[in-house]
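Residue numbers start from 1 in every chain, and the chains themselves are labelled A, B, ... in the order their sequence lines are given, proteins ahead of strands.
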Amino acid sequence: MGDYDHKTIEPKWQRLWDQRRLFHAPRDDKRTKYYILPFLPYPSGDLHMGHMRNYTIGDAVARFQRARGLNVFHPIGWDAFGLPAENAAILNKTHPRTWTEQNTARMKEQLRRFGFSYDWEAELSTCEPEYYRWNQWFFLRMLEKGLAYRKKSRVNWCPQCQTVLANEQVVEGCCWRHEETPVEQRELEQWFLKTTHYAEELLTDLDKLSGGWPERIRLMQRNWIGKSEGARVEWAVAKSDKVITTFTTRLDTVYGAVALLLAPEHPLVDSLIAGVPGGAAIARKVEALRRQTRRAQVTGEVEKEGIFTGRFAVNPLSGEQAPLWVSNLVLMEYGTGAVQAVPAHDQRDFEFAKKYRLPIKVVVQPREGKPLNAARLKEAFLGHGRMVDSGPYTGMESEKALQKMTDDLAKKNQAERATLYRIKDWGISRQRYWGTPIPVVYCDACGVVPVPDEQLPVVLPLEIEFTGVGLSPLLNVPEFLNASCPKCGGKARRETDTMDTFVDSSWYFYRYLTPHENAAPFDKEIVRRWFPIDQYIGGAEHAVLHLIYLRFWTKMMRDLGLVEHDIPVARLFNQGMVIKDGAKMSKSRGNVVSTDEMVEKYGADTARLFTLFAAPPEKDMEWTQAGVEGCQRFLQRLYRLVAKHAARVREAPVAVPGNPGPQAAEVNPDERHLLRKAHQTVRRVTTDFEARWHFNTSIAAIMELVNELYLLEPLEEHVSPAVLNDVLRKTVLLTAPYAPHAAEELWEQLGNKQTVVETPWPSFDPELAKEELIEIVIQVNGRVRSRLRVSETLNKDELNERALADARVAALLKGQRIVKIVVVPRKLVNIVLAS
RNA sequence: GCGGAAGUGGCGGAACUGGCAGACGCACAGGAUUUAGGAUCCUGUGGCCGCAAGGCCGUGUGGGUUCGACUCCCACCUUCCGCACCA
């Protein structure tokens, strides 16, 4: 019989699954497809239990759906390019490729030891030329379509990474990897992808994702895209031929504008202050404002301030002159870098006006409450209402005035409706070695020239030296740097910037289906059959980066005619974090639980089981040693039980089509009880998988079933082999998605030749699951005073009668007047007494 | 400041549609087995009062709706997360 020994069981079944290719999903198959995958992991070196939670959840679902008869595709691969590999190269003199390969091999081994049901034949690594070649190919297509372009721009520079960061990688003014390092600003020529081209579509698609993607993620993306509708309005500068364009969503308040504010970086600032008295002093102030980092401005480390330029601008509607100020209140990055200042109706303008003693002019009166008085205003009024002091618009509703003013100005070509998005184009240039080379060359004669498709891939040279200083190390590789121009054949210099690794992760899930296809990024027909992804699983930290880029990429591919759908991912699941000692499990916090140690000491099954049992998967869970031991104890308990009885029951007849298994009529009361519990458990676990993924309650239900079995020990005295066989088989099959190795071992002991993986999910009989007698609670004034065990067919009147006849209830009713009796069939009787 | 999620025993959590609060697990206590310990099996375990039967209190706080509220409504407190001059 022996004891539960995970060390022999787990490798045994892993080998067998592997040999028999049980997790390979035939791309062409009549069964319904189910495409489930975890986020692409970065090979950072070592997996800990925090990472494993993601894979454990996905694997349980994959195994369940496979048992349900679906053709499950469950791939994994490696996000193999990126900065850490290069930083490691600088520190340890290992080549990024070597470092990456070592880490990948190590993590792959760790995943294998957990027995996840991946289709390893689909494995891919983004640093392989056969993969990144297609990044380059896509880039060229986008270049042709005008979706990729180059511009000089002020970029975020992290002095730690020595590289440019995308806006998304800047967290509160600091680097997302180095939270203590403030980001600096630099001017560089950069490659951009036009994500803004799809801003509107990316926004409206969020509605279609309702139900499939978590509300939280959709909201974050909506804020990120940040649509706002308004108008661009032209203000002439007095005594000048210059015109300043503002953007506003509240043109209705324009009569209340007491100033026009310009961002310090606004291109007209220098020429406007050039000839003005005191211009030199103003210029010095502007210079000081420009030196402030955006971080300082946003976090309020520096005060909101400004300076009057000595110039005036003409209000396009009132004709009044408004003083022109330069202020760090205004951002050059958003809108036009110029805004109307309306203190009465904008809180920021209100505070600015108070500070500089600018007048305050109310032009919209609220519909309810006291009318506003400019002199006594404590804060800006942001709502809509009735227009006052606004020339011909006075008396109108402000919403109407907004439209009318825009139309009126538009007729004079002084305004146009405009929609602005907060989302920016995606800067993909990285001054780094370990990434996809951007396939263009710079020719002295022809300028920027794309590398022709036939010359792809532009291969990253492997012979390279890392000094850790300066820009890209590729600048020191003449064989790479020096190219000939594809157009004129003359001397050209190759682009040394590489692509942001978010490019790699934007489309890898298409490549999984045909990872070695070499005529195209993927097989269109196979993709058509397998998309969208049925279930994507990963952490919420990628809510606005990866998960917007991948939607962008699909839009772009749709416009290239490569795919027909708009949304690549039908359902998204965000698992919670793993907490240890009060903090998120992470290497930097030093509170990681090693997966190797877990497998060694408790086994993968125990680790997996605990991961799912400790909390529902979307919530944070706390890792505790005692909890892990409890789960191991359960597996041992199950193992001992099955092992003890296997020999006796395995020859008994088995429920198959034609023989539905033991029925109610043929069994004794103990057996009836056990069968009922078993069928109830199958129902509970099945519905938990289908509806809400609360594996903690599923596992609790299986534990209850096992407890019932123990209470009937010695089982041979109470339960026939046929019934016991049926119940044990169900128990093992239900356990399999959570603890697949132990399940296989026990399944084999029960005399099965097929693996669990090849065995259909157990079904349940609703009739057998039904309780014969149900418990009805009798309440008096809402307090439980007694209970009845009755047949569930009893109707209201019968229940009423039985409740009043109850001895304990009758005693309480003596001398009391009954006001009302509430009867809820199958639940309770509540007798309400006069007070 | 704005938006979101969440607050239940000593701990992790359960209660799915307004109907028995605390499933399951941990921890703890008692018993069986054992030379002993460990392991295993069984029993108990929200608080207070009581020998017991039983009673009272109890889901962050205060109010409300209801025969009945962890669940719905209002106000507030705490924690976590996201956004944060977006004109």
List the residues meeting side-chain contact (heavy atoms from CB on, under 4.5 Å) with [X], not counting sequence neighbours, and say none if there are none.
| X | result |
| --- | --- |
| A:A543 | A:I217, A:M220 |
| A:A583 | A:R589, A:N591 |
| A:N54 | A:P38, A:I537, A:Q575 |

Roughly how many Å is it from [atom1] in [X] to [atom2] in [N], rounded to a whole number?
| X | N | atom1 | atom2 | value |
| --- | --- | --- | --- | --- |
| A:L712 | B:C41 | CG | C1' | 14 Å |
| A:L206 | B:G3 | CG | P | 19 Å |
| A:K827 | B:G18 | NZ | C1' | 10 Å |
| A:L638 | B:G25 | CG | P | 13 Å |
| A:F634 | B:C41 | CZ | P | 12 Å |
| A:Q340 | B:A87 | CD | P | 12 Å |

Nucleotide nearest [X] (side chain, heavy atoms from C-beta), chosen from [options]:
| X | options | value |
| --- | --- | --- |
| A:R216 | B:C81, B:A15, B:G19 | B:C81 |
| A:L331 | B:C24, B:A87, B:C20 | B:A87 |
| A:F613 | B:G19, B:G12, B:A87 | B:G12 |

Those residues that, when tested against [X], pass ring pair (Phe, Tyr, Trp, His ring centres under 6.0 Å) (two or more places apart):
| X | answer |
| --- | --- |
| A:W213 | none |
| A:F381 | none |
| A:F689 | A:F64, A:F695, A:Y738, A:W761 |

In B:G7, glycosidic geometry as syn within 90° of 0 or anti otherwise
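For B:G7, whose glycosidic angle is more than 90° from 0, the conformation is anti.
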
Chi angles and distances behind the side chain to side chain contact (heavy atoms under 4.5 Å, CB included) call for A:T611, A:M52:
CA-CA 8 Å; A:T611 299; A:M52 286 304 194; 5.8 Å; no

What interatomic distance, in whole Å, is found between [atom1] of [M] and the corresponding atom of [N]?
| N | M | atom1 | answer |
| --- | --- | --- | --- |
| B:C70 | B:U17 | C1' | 15 Å |
| B:A69 | B:G60 | P | 15 Å |
| B:G25 | B:G9 | C1' | 14 Å |
| B:G3 | B:C74 | P | 14 Å |
| B:U43 | B:C26 | P | 14 Å |
| B:G58 | B:C51 | C1' | 25 Å |

Contacts under 3.5 Å, N or O only, protein and nucleotides 7-11 of chain B:
none

In dot-bracket, 5' to 3', how would RNA chain B read with Watson-Crick or G-U wobble pairs under 3.5 Å, [ ] for crossing ones and | for pairs to another strand?
(((((((..(((......[....))).(((((.......))))).((((....))))..(((((..]....))))))))))))....

So does [X] get a side-chain nitrogen or oxygen closer than 4.0 Å to the phosphate oxygens (OP1/OP2) of [N]?
| X | N | value |
| --- | --- | --- |
| A:R692 | B:A15 | yes |
| A:R684 | B:C16 | no |
| A:R633 | B:C26 | yes |
| A:R785 | B:C20 | no |
| A:S228 | B:A87 | yes |
| A:N328 | B:C85 | no |

Given the options A:Q347, A:K355, A:K354, A:E351 meets side-chain hydrogen bond (donor to acceptor under 3.5 Å, both in side chains) only with A:Q347

Listing request: all salt bridge (charged side-chain N to carboxylate O under 4.0 Å, His left out) pairs with a residue in residues 212-232 of chain A, at least two apart in sequence or in separate chains.
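Checked against salt bridge (charged side-chain N to carboxylate O under 4.0 Å, His left out) - neighbours excluded - the pairs reaching residues 212-232 of chain A are A:E200-A:K227, A:D207-A:R222, A:E215-A:R218, A:R232-A:E416.
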
A:F610 and side-chain contact (heavy atoms from CB on, under 4.5 Å): which single residue from A:M621, A:M598, A:Q625 fits?
A:M621

Name the nucleic acid region contacted by A:L329, choosing base, sugar-phosphate or nothing; use a 4.0 angstrom heavy-atom cut-off, strictly under.
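The residue A:L329 makes base contact.
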
Check every strand shown and say whether A:G226 touches a base, only sugar-phosphate, or nothing at a heavy-atom separation below 4.0 Å.
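If one applies the 4.0 Å heavy-atom cut-off, A:G226 turns out to touch nothing in the nucleic acid.
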
Is it the case that the side chains of [Y] and [X] hold a donor-acceptor pair, with the cut-off being a distance below 3.5 Å and no angle test?
| X | Y | result |
| --- | --- | --- |
| A:E629 | A:Y602 | yes |
| A:T253 | A:H345 | no |
| A:Q340 | A:R250 | no |
| A:E708 | A:H673 | yes |

Could you list the protein-to-nucleotides 67-69 of chain B atom pairs, N/O on both sides, closer than 3.5 Å?
{"from": "B:C67", "atom 1": "OP1", "to": "A:K820", "atom 2": "NZ", "distance (Å)": "3.3"}
{"from": "B:C67", "atom 1": "O2'", "to": "A:N830", "atom 2": "ND2", "distance (Å)": "3.4"}
{"from": "B:C67", "atom 1": "O2", "to": "A:N830", "atom 2": "ND2", "distance (Å)": "2.5"}

Atom pairs under 3.5 Å: protein N/O with N/O of nucleotides 57-60 of chain B:
{"from": "B:C57", "atom 1": "OP2", "to": "A:R783", "atom 2": "NH1", "distance (Å)": "3.0"}
{"from": "B:C57", "atom 1": "OP2", "to": "A:R783", "atom 2": "NH2", "distance (Å)": "3.1"}

Of A:Q636 and A:L219, the one whose closest RNA chain B nucleotide lies more 5'
A:L219

Which comes earlier along RNA chain B counting from the 5' end, the contact point of A:E629 or that of A:D688, where each point is its nearest nucleotide?
A:D688

Quick check: do A:M49 and A:W623 have side-chain heavy atoms less than 4.5 Å from each other?
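Yes, close enough: below the 4.5 Å cut-off.
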
Show the distances under 3.5 angstrom between N or O atoms of the protein and N or O atoms of nucleotides 42-50 of chain B.
none

Point-to-point distance, once rounded to the nearest 0.5 Å, from CG of A:N328 to CD1 of A:I307:
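If I round to the nearest 0.5 Å, the distance is 12.0 Å.
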
